[in-house]
Amino acid sequence: MRIIILGAAAGGGLPQWNCGCGNCDAARAGRISSMTQSSIAVSADGRDWAILNASPDIRAQLAATPALHPSGPRTMPLRSVLVTNGDIDHVAGLLTLRESQPFDLFATQAIHDALAANPMMAAVNPDFVPRRTVALDQTIPLTPGLTATLFAVPGKVPLYQEGATVETGLIGETTVGVELRSADRRAFYIPGCADMPDWLRDRVAGADALFFDGTLWDDDEMIRMGLGRKTGRRMGHMAVTDTIPALADTPIGQRIFVHMNNSNPLTDPDSPQAAQAAAQGWQVARDGMEITL
């Protein structure tokens, strides 16, 4: 199994267009690497690829990834796209993929319903991009030799679907994790998760790799830095400082944080927090990073 990090950042990327925090300024100055918005590409054979989450940066991500380049005028190695929720940073890139290029679009019914409610998504012609509905805990083929199983993780509805009351630990079809299997290899991609219940810890135990929600280092990070008024949990994200101890005794091969917010000190590889995560066995995703299992 080959996994390429197309984008390692949360919504807004790094630098975020309207942010002058230390990390964003450092990225603009070239002191730390910029990051595009969250997405990965996966293949079992190196020829046929699936993309998990279509970020608004997908055009640049495809251009920067030779494995995903066309081999002819309209011959692409992309076979499918799977989205884990309806968040804008995970689905807006579908509008970039509207050039009548065939691929399968996999999602739960709830996520497909959210997409269908936006008339612009009709530009992604279903004659070329069939909508494939996936039930929870149903195993589907993504590409030759690669399967995926979607399962509910604690989360919430997308921001544009929020009402007066928001349940941030919702278990259902709106926020899912993905279990990837190829031959005897098993990896998990969970870019959004609000909590670590025992059943989720048990499910990821023994995995060869875990790509997990690293949005914020501390729960109140954005409030403390003057960048927002919401905690991580209010946004449906578990803080890294809670995740590291929660999984400390769980047997997992490679542990990789993805979906980092621009405020997160993990975006700076020289930060004390990055060193602390590394000492606990965690890697921090970077655009272009490749993992082979």
Whether the side chain of [X] engages the backbone of [Y] through a donor-acceptor N/O pair (distance < 3.5 Å, no angle test) should be reported.
X: Ser55; Y: Ser39; value: no
X: Asn125; Y: Asp127; value: yes
X: Asp45; Y: Asp48; value: yes

Side-chain heavy atoms nearer than 4.5 Å, only ILVMFWY residues, links allowed to pass through others: does that put [X] and [Y] together?
X: Ile244; Y: Leu266; answer: yes
X: Leu68; Y: Leu95; answer: yes
X: Ile58; Y: Val124; answer: yes

Pairwise ring-ring contact (aromatic ring centres under 6.0 Å, His included) hits with a residue in [range], at least two apart:
range: residues 134-159; answer: Phe151-Phe188
range: residues 201-240; answer: His237-His259
range: residues 40-62; answer: none

Show me the donor-acceptor pairs, under 3.5 Å and distance only, between side chains in residues 154-163 and residues at least two apart or in other chains.
unit_1 : atom_1 : unit_2 : atom_2 : d
Lys156 : NZ     : Glu162 : OE2    : 2.8
Tyr160 : OH     : Gly86  : O      : 2.6
Glu162 : OE1    : Arg234 : NH2    : 2.9
Glu162 : OE2    : Arg234 : NH1    : 3.3

Check: Ala246: what forms a side chain to side chain contact (heavy atoms under 4.5 Å, CB included) with it, not counting sequence neighbours?
Finding: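 Ala246 satisfies side chain to side chain contact (heavy atoms under 4.5 Å, CB included) with Met196, Arg201, Met238 only.
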
Is it the case that [X] and [Y] place a side-chain donor and acceptor less than 3.5 Å from each other?
X: Gln283; Y: Gln254; value: yes
X: Asn53; Y: Ser38; value: no
X: Asn23; Y: Thr267; value: yes

Kindly write out the residues that satisfy side chain to side chain donor-acceptor pair (under 3.5 Å) with [X], not counting sequence neighbours, or none if the list is empty.
X: Asn262; answer: none
X: Arg185; answer: Asp208
X: Arg229; answer: none
X: Asn118; answer: none

All N/O donor-acceptor pairs, side-chain side in residues 2-16, below 3.5 Å, sequence neighbours left out:
unit_1 : atom_1 : unit_2 : atom_2 : d
Arg2   : NE     : Glu290 : OE2    : 2.6
Arg2   : NH2    : Glu290 : OE1    : 3.4
Arg2   : NH2    : Glu290 : OE2    : 3.0
Gln16  : NE2    : Asn18  : OD1    : 2.7

Check: Residues two or more places apart in sequence or in another chain: which of them pass salt bridge (charged side-chain N to carboxylate O under 4.0 Å, His left out) with Asp219?
Finding: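 By the salt bridge (charged side-chain N to carboxylate O under 4.0 Å, His left out) rule, Asp219 matches no residue at all.
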
Margin query: Which residues end up grouped with Met235 if you chain together Ile, Leu, Val, Met, Phe, Trp and Tyr wherever their side-chain heavy atoms are less than 4.5 Å apart?
Written below: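 Its cluster partners, ordered by chain and number, are Leu216, Met222, Met225, Leu227.
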
